[in-house]
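Inspection log for the structure reproduced underneath, given as structure tokens.
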Amino acid sequence: MNGSTEQSPGHPTRQTVSKNKRSVRMFLILWIIIIAIGVFAAYSYSNYLKQQMVVEMKTYTNEQLTAVKQEYQLQIEDVAAEIAAIQEQVNTFNELLTFTKDNAGNTSDNSNQLYTELREVKKQLDTLQKKMDLLK
């Protein structure tokens with residue numbers, strides 16, 4: 001037996017060492033690839049969740065804006081109705097004022113003709129009341 005051709009089982013040869021180094025390198029490269037894929041997947045998923053959240057927030061915001069617009073429209077309609085009612089009252093008062101000005105003659109002092117007539121009616125009512133008391 002020739003000692004130079006036989007290999008001792010206790011010492012690894014260059015081929016075995018290089019195969020072990022390749023295996024370790026492949027293992028490390030595989031782990032780096034797996035970690036990179038995991039990081040990419042986490043990043044992609046977080047972007048997906050972010051976009052979903054943005055879409056939900058837009059939808060919620062649009063619903064809230066629509067509700068506020070509807071409430072605002074109702075308030076505007078209520079105010080418009082109140083303004084119309086007040087305008088009718090103003091028109092009525094203007095007609096009454098025009099009526100009193102038209103009925104005011106040269107003999108009156110341009111005061112409220114209706115108030116003057118009301119005072120005269122009250123005087124006549126008091127006079128009638130006194131006559132009723134006398135008749136009793």
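We number each residue from 1, following the sequence as shown. Note that this is a predicted model, so its numbers are computed, not measured.
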Show me the side-chain donor-acceptor pairs of residues 82-91 shorter than 3.5 Å, one per line, residues at least two apart or across chains.
unit_1: Gln87; atom_1: NE2; unit_2: Asn91; atom_2: OD1; d: 3.3
unit_1: Asn91; atom_1: ND2; unit_2: Gln87; atom_2: O; d: 3.4

Side-chain donor-acceptor contacts of residues 23-40 below 3.5 Å, not counting sequence neighbours, with atom names and distances?
unit_1: Ser23; atom_1: OG; unit_2: Lys19; atom_2: O; d: 3.0

Begin from the C-alpha positions of Lys50 and Asn47 and carry the test side chain to side chain contact (heavy atoms under 4.5 Å, CB included) through to its verdict.
CA-CA 5 Å; Lys50 188 189 314 181; Asn47 280 342; 3.8 Å; yes
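- Here the straight-line distance linking atom CD of Gln64 with atom OG1 of Thr59 works out to 12.0 Å at 0.5 Å rounding.
- The line from CD of Gln75 to CD of Gln73 is 10.5 Å long, rounded to the nearest 0.5 Å.
- Within 6.0 Å of atom CD in Gln52, more than 12 heavy atoms from other residues, nucleotides or ligands are found, so the atom counts as buried in its surroundings.
- A heavy-atom distance below 4.5 Å is not found between the side chains of Val54 and Gln51.
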